[in-house]
Amino acid sequence: MATTDKYDRQLRLWGASGQRALGSTMVVLLGSSACGTETLKNLVLPGVGSFLVVDDGDEASSSEAAAAAQGVQKCPELDSSMLEFGEQSSNFFLPAPSKVATGGDDGNNNKKLSKAAISCALLSELNPDVLGFHYTVPSLEGLDYSALLEKIKQGPPSDGSSSSAATTTTLPQKILVIAADQPSTVTLPLSYECHNRSIPLLVVRSYGLLGYARIQTATPYHCITEAKKSNRIPDLRLSAWPLFEGLKNVASTVSNLDEMDDTKDHSHVPFVIVLLQALDKWRGAVSAPFNPDPAVRPRYPETFQEKEDFRKLVKGMAKNNNEINFEEAIREAHLTWVDGRVSDEVKEVLDRVDEKEFFASAVKSEMDVEGSATSSVPAHVLQFQLLALALKRFLKQNDDYPPLEGKIPDMTSDTARFVALQEAYQKQAEQDRATICEIAKALLDECKQASNGCDLHVSIPSDDEIVTFCKNARYLRILETRPLFAEYKVQDPASPTLSILKPASFENIPNFDTIQADARDDLQSAMFDPYETDPIQTPLLWWIALRACDAFYDRHEHYPGKHEQELALESDANEVYKFMTQIATNLGLSECDFIKEHLLDSSKGKDLAREVVRYDEAEIHNIAAVVGGVASQEAVKLITGQYVPFDDTYVYNGIASTAGVYRF
């Protein structure tokens with residue numbers, strides 16, 4: 001596969017490592033709705049490794065849920081009848097199944113294809129390098145998700161080709177599950193099983209003119225090594241003390257700018273050296289002379305006035321107004337006082353990684369049974385934890401300064417000094433990376449000594465992985481969301497659907513209370529920022545209405561608006577509104593002035609309820625396309641470990657074309 005040419009544009013976004021992660025991932029789609037197929041389409045096009053469409057229908061190869069994986073079939077051949085869409089079709093990847101037929105044995109030499117098979121065939125056509133599979137079951141509500149996910153984890157499907165077999169054996173298989181437009185009777189048990197097996201779950205829904213996407217991260221958390229911040233500050237370490245040896249040597253090649261007679265040479269001194277000499281002059285001006293003792297940190301500009309004085313001093317060092325290097329020095333003057341130590345956000349990430357817990361998770365215990373449902377920390381999380389522990393030790397040795405990135409920005413300079421400066425930073429970065437690698441090896445040695453001869457689940461990361469980690473050490477992040485089934489119990493504790501899950505399912509959920517408290521604070525804060533044009537269109541209000549529709553389904557096994565009689569519709573709206581008030585109360589929003597005015601006020605709240613009842617679970621493809629586009633973007637973030645996904649629910653209001661992100 002000519003990956004470099006075919007995926008050239010996206011490689012500029014997530015690089016070769018991100019493309020490899022995509023290519024080793026299997027996406028499991030539950031439900032072939034418009035929202036689901038739109039989400040999957042946007043993952044097939046960039047080259048996800050394979051996908052499996054699971055949906056219900058009249059036919060299934062086996063009625064036994066434990067034999068789920070045996071019913072997985074290869075993508076069928078594309079047939080012209082699959083392109084016959086009805087006038088009222090709401091899904092561009094799913095024509096009416098009754099119109100689609102292939103050779104079969106139903107007496108008329110025709111056999112109807114299932115929804116899963118048709119959508120699989122049409123989606124596979126978008127990218128021949130992606131393997132497509134489908135699986136039709138009698139009912140998604142009766143499917144044994146434990147058996148299905150375990151079978152996929154143990155042995156992902158293959159089309160039988162040699163290239164497919166080679167890919168399966170050489171690349172670690174990752175799994176991402178997407179549940180599209182499914183009721184709680186499907187999403188809750190699925191959420192529980194994904195949580196148990198540390199598999200990320202993405203729940204997407206398009207409901208009339210509304211939609212949402214909800215992320216459930218894999219346990220214990222989603223690691224983000226490459227956050228890809230747009231406003232990265234150059235890592236030049238001008239405020240670090242003492243300066244590293246290579247930088248001091250390059251800076252010493254220019255003794256005194258004021259005594260430099262050659263105007264051309266003066267205008268080509270890198271701004272890094274200009275700022276270092278300006279610092280020495282500034283310290284003398286503020287009676288803070290240089291102290292040769294490396295243990296004594298010299299003064300740096302601190303107050304607003306001192307920073308302005310420093311910039312004026314730099315400007316005064318220029319011989320004329322045409323020296324671009326001095327303009328750069330004035331623009332980048334903040335680099336002389338910005339703190340290069342790791343931020344509090346990174347420290348919070350590192351605090352989450354405990355050395356004893358890592359040792360316990362990294363050792364292969366005799367109790368580990370192949371194929372058991374007991375979840376363990378995924379290998380990529382263990383590698384992240386290993387490097388995070390190495391970073392913690394590195395920070396203790398280096399006054400909280402992380403490994404140097406080793407990259408300098410473009411600047412006006414003569415070639416010799418620029419190359420020397422570049423080499424100095426690269427050499428120091430390589431030394432820091434070597435130190436991180438040595439610490440990581442020492443940690444593994446300690447782990448082996450404590451393992452009593454047992455093997456480890458983790459090994460030393462590759463050189464590329466260590467380089468990537470060190471370059472992004474200043475921006476490490478983790479994302480941890482509450483499991484969907486646990487969120488549901490808080491919002492609708494009386495739901496009969498919760499009886500599907502065992503009572504023990506809700507015990508020992510990590511950081512449940514912390515996430516719960518933070519989520520309530522965030523929701524209350526969000527109420528101070530409603531939609532300006534029309535507050536009733538604030539996405540959170542519509543999300544509560546959608547959740548109330550789920551509560552209605554749990555009690556009646558159908559969504560509101562099924563019966564067209566006016567009295568029936570009004571009765572459904574009244575019941576939906578009752579659930580809306582209960583959910584708002586359970587979310588801790590009943591005392592919020594905004595909620596009181598726009599939801600608890602019966603006239604306004606019932607208008608919301610009547611609108612969602614009017615939808616009758618309608619599927620509108622353009623709304624599904626918007627939600628699917630957002631969901632697939634977040635799916636790529638979850639797969640690659642790059643960029644920061646939203647936390648945790650994106651709500652789209654197609655009535656006013658507005659959206660919001662909320663934590664529940």
Please check if atom CG in Asn321 has more than 12 non-hydrogen atoms from other residues, nucleotides or ligands closer than 6.0 Å.
no
Out of Thr412, Asn322, Asn325, which residue meets the side chain to side chain contact (heavy atoms under 4.5 Å, CB included) rule with Ser267?
Asn325
Passes salt bridge (charged side-chain N to carboxylate O under 4.0 Å, His left out), Asp414 versus Lys264? Steps please.
CA-CA 10 Å; Asp414 62 285; Lys264 181 179 179 181; over 6 Å; no
Tell me the closest heavy-atom pair linking Pro270 and Met411, and the distance in Å.
CB-SD, 3.6 Å
Please give me the minimum heavy-atom distance between Pro539 and Gly660, naming the atom from each residue.
CG-N, 3.7 Å
Would you find more than 12 non-hydrogen atoms of other residues, nucleotides or ligands less than 6.0 Å from Lys392 atom NZ?
yes
Mark yes when over 12 heavy atoms from residues, nucleotides or ligands other than Lys307 sit less than 6.0 Å from its NZ; otherwise mark no.
yes
Surrounding CG of Asp351 (heavy atoms of other residues, nucleotides or ligands, distance under 6.0 Å), is the total greater than 12?
yes
Using the ring of each side chain (for Trp, its six-membered ring), is Trp543 parallel, tilted or perpendicular to Phe664, with breaks at 30° and 60°?
parallel
Tightest non-hydrogen contact, residues Ile439 and Ala390, listed as CG2-CA, 3.6 Å
If we count only N and O atoms by modelled type, under 3.5 Å, do the side chains of Glu480 and His222 hold a donor and an acceptor together?
no
Taking everything shown except Lys637 itself, do over 12 heavy atoms lie less than 6.0 Å from its NZ?
yes
Without hydrogens or angle criteria, can the side chains of Gln19 and Trp14 be said to hold a donor-acceptor pair below 3.5 Å?
yes
Does Arg331 make a cation-pi contact with Phe326 (under 6.0 Å, within 45 degrees of the axis)?
no
With Leu247 as partner, the option from Leu276, Leu236, Ile273, Leu404 fulfilling side chain to side chain contact (heavy atoms under 4.5 Å, CB included) is Leu276
Using only atom types and a distance under 3.5 Å, with no angle test, would you say the side chain of Glu323 pairs donor to acceptor with the backbone of Lys319?
yes
Side chains of Ser462 and Glu465: is there a donor and an acceptor less than 3.5 Å apart?
yes
Taking salt bridge (Lys or Arg N to Asp or Glu O under 4.0 Å) as the definition, give me every residue that meets it alongside Glu591, ordered by chain and number, with sequence neighbours left out.
Lys596
Heavy atoms, side chains only, cut-off 4.5 Å: are Glu355 and Phe358 in contact?
no
Give a yes-or-no answer on whether the side chains of Glu226 and Thr468 include a donor-acceptor pair shorter than 3.5 Å.
no
Could you give me the CA-CA distance, side-chain angles and deciding distance for Val661 and Asp647, then say whether side chain to side chain contact (heavy atoms under 4.5 Å, CB included) is met?
CA-CA 7 Å; Val661 174; Asp647 181 14; 5.7 Å; no
State, yes or no, whether a side-chain contact exists between Lys407 and Asp235 at a heavy-atom distance under 4.5 Å.
no
Surrounding CD of Gln397 (heavy atoms of other residues, nucleotides or ligands, distance under 6.0 Å), is the total greater than 12?
yes
Check whether any side-chain N or O of Thr253 sits under 3.5 Å from a backbone N or O of Asn249 as a donor-acceptor pair, and report yes or no.
no
Exercise: do Asn472 and Arg232 side chains pair donor with acceptor under 3.5 Å
yes
Indicate the atoms forming the closest heavy-atom contact of Ala329 with Val274, along with that distance.
CB-CG1, 3.8 Å
Any Thr649 side-chain heavy atom under 4.5 Å of Arg663 side chain
no
Option from Lys441, Arg393, Lys356 for which salt bridge (charged side-chain N to carboxylate O under 4.0 Å, His left out) with Glu446 holds
Arg393
For Glu306, run the salt bridge (charged side-chain N to carboxylate O under 4.0 Å, His left out) check against Arg299, Arg311, Lys312, Arg283 and tell me which one passes.
Arg299
Polar side chain donor-acceptor pair, Gln491 to Glu487, under 3.5 angstrom
yes
Are Leu279 and Pro301 side-chain neighbours, meaning at least one heavy-atom pair lies under 4.5 Å?
yes
In this structure, are over 12 heavy atoms from other groups packed under 6.0 Å from Asn256 atom CG?
yes
Taking the six-membered ring for Trp and the single ring otherwise, decide whether the centroids of Phe244 and Tyr425 are under 6.0 Å apart.
yes
For Asp410, is the CG atom crowded, meaning more than 12 foreign heavy atoms sit under 6.0 Å from it?
no
Salt bridge (Lys or Arg N to Asp or Glu O under 4.0 Å) against Lys427, all qualifying residues, sequence neighbours excluded:
none
Between Asp445 and Gln449, do the side chains contain an N or O donor and an N or O acceptor separated by less than 3.5 Å?
no
A side-chain contact here means heavy atoms from C-beta on lying under 4.5 Å apart; do Pro220 and Pro378 qualify?
yes
Please find the pair of heavy atoms, one from Leu202 and one from Ala635, that lie closest to each other, and give the distance.
CD2-CB, 4.0 Å
Closest non-hydrogen contact found for Pro645 with Leu638 is CG-CD2, 4.1 Å
In terms of the angle between their ring planes, are Tyr221 and Phe384 parallel, tilted or perpendicular, with boundaries placed at 30° and 60°?
perpendicular
Are any of the side-chain heavy atoms of Leu540 and Phe594 separated by less than 4.5 Å?
no
